There are 2 protein chains.
Amino acid sequence: MQQMEQIVASLREEGFRITPQRMAIVDYLLKTEDHPSAELIHKVIRKKYPMVSLSTVYKTLELLKEKKLVNEMDVEGEARFDAHTDEHINLVCMNCGKIDDVDEDSLKDIQVKAARKSKYLILKSSFELSGYCSDCKSKFQA
Amino acid sequence: MQQMEQIVASLREEGFRITPQRMAIVDYLLKTEDHPSAELIHKVIRKKYPMVSLSTVYKTLELLKEKKLVNEMDVEGEARFDAHTDEHINLVCMNCGKIDDVDEDSLKDIQVKAARKSKYLILKSSFELSGYCSDCKSKFQA
DNA sequence: TTCCTTATTGATAATAATTCCTAATTAATA
DNA sequence: TATTAATTAGGAATTATTATCAATAAGGAA
């Protein structure tokens, strides 16, 4: 679990400016358990900080992604973001769109094995399972 | 490794028609080791069968996806397709865009564990590692 | 603090992947 | 072969994302 100060330090260190817009986006991403889209981040943040534009949200997410401070994932053609950057599995509900995280230590081993077999230099990982969450599952068993 | 006949049978069984367009797309996906985009599938297929439109490619891929005859994955905002539906890890080269598959038996276990922990009903899985392939890797070590 | 430089922002235009629309076509069945 | 409902072609529409660029403001220097 990373903290605001770490992220701010990491950006400042490389000469990036700490703006209220960036703070707001990072703050929201750290506090939420969701995996929001750029659009949703924009919508939520505007309630508190009306002076944040959608293009700034996109640019900030791109920066955070590059610095590996957030992960990006794709759900049905839409990018979703997550500041929880430890190795984990994303569970995507195909009905309600919710995303849950599941910690799983063995992912690291798999990554190492795959790197060895393939001779790739691995920089990013994404483990995703899709289906129906416990709530939605019941609707399909009626 | 699935065969053409299986796919054709599986579609016909559910009342879907076997059209030359669908055959061409399935045929190409079964023969290639690549993980082509809709655009590329269209381009390649038109050489042999000029009467296939891009929207048909999209619709056919959607159908094949629904019937779980191909998997879809996302590479930098572009959908890529793969008729190799066994459990495996996709290795995506962030430099040349190549995608390799690595078989890994332990994925099934992980899937079962995650389903148990989360109470999700798992329908689809996607294990993806990104980095540099062995060819591109060397360019970054000069 | 005040000024300066330049990264960052906001508004909108541009782009590109995908989906939608619908008349024309055709695979499958009798 | 005739029938008909599924499928297709092609272009328009949609939509998430990126690009553009003048205006603004963060951070360093004086």
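Letters A, B, ... mirror the listed sequences (proteins, then strands); counts begin at 1. The structure presented is a predicted model; accordingly, all values stated were derived computationally and were not measured.
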Nearest-nucleotide pick for [X], side chain only, options being [options]:
{"X": "Thr19(A)", "options": "dG10(D), dT9(C), dA19(D)", "answer": "dT9(C)"}
{"X": "Lys59(A)", "options": "dT19(C), dG10(D), dT20(D)", "answer": "dT20(D)"}
{"X": "Phe16(B)", "options": "dA17(C), dT7(D), dA19(D)", "answer": "dT7(D)"}
{"X": "Ser53(B)", "options": "dG10(D), dT18(C), dT12(C)", "answer": "dG10(D)"}

Starting from [atom2] on [N], measure out to [atom1] on [X] and report it in whole angstrom.
{"X": "Leu61(A)", "N": "dT17(D)", "atom1": "CG", "atom2": "C1'", "value": "11 Å"}
{"X": "Glu78(A)", "N": "dA17(C)", "atom1": "CD", "atom2": "P", "value": "18 Å"}
{"X": "Ile18(B)", "N": "dA27(C)", "atom1": "CD1", "atom2": "C1'", "value": "10 Å"}
{"X": "Leu40(B)", "N": "dA17(C)", "atom1": "CG", "atom2": "C1'", "value": "15 Å"}
{"X": "Leu11(B)", "N": "dA6(D)", "atom1": "CG", "atom2": "P", "value": "15 Å"}
{"X": "Leu54(A)", "N": "dT18(D)", "atom1": "CG", "atom2": "P", "value": "11 Å"}
{"X": "Glu39(B)", "N": "dT15(C)", "atom1": "CD", "atom2": "P", "value": "16 Å"}
{"X": "His42(A)", "N": "dT9(C)", "atom1": "NE2", "atom2": "P", "value": "12 Å"}

Pair Asp100(B) + Lys98(B), salt bridge at N-O below 4.0 Å: yes
Presence of salt bridge, Asp27(B) and Lys31(B), under 4.0 angstrom: yes
Heavy-atom side-chain proximity of Thr32(B) to Val44(B) below 4.5 angstrom: no
Pair Glu87(A)-Ser125(A), side-chain donor/acceptor within less than 3.5 Å: yes
Between [N] and [X], is there an OP1 or OP2 to side-chain N/O distance shorter than 4.0 Å?
{"X": "Tyr58(A)", "N": "dT18(D)", "value": "no"}
{"X": "Ser37(B)", "N": "dA17(C)", "value": "no"}
{"X": "Arg12(B)", "N": "dA28(C)", "value": "yes"}

Sugar-phosphate only, base, or nothing, as touched by Pro20(A) at under 4.0 Å among non-hydrogen atoms: sugar-phosphate
Any N/O donor-acceptor pair, Arg17(A) side-chain to dA7(C) base, under 3.5 Å: yes
Any donor-acceptor N/O pair under 3.5 Å between dT7(D) base and Arg22(B) side chain: no
First encountered from the 5' end of DNA chain C, between Ser55(A) and Lys65(B): Ser55(A)
Full working for side-chain contact (heavy atoms from CB on, under 4.5 Å) between Asn90(B) and Phe127(B): CA-CA 6 Å; Asn90(B) 288 306; Phe127(B) 299 99; over 6 Å; no
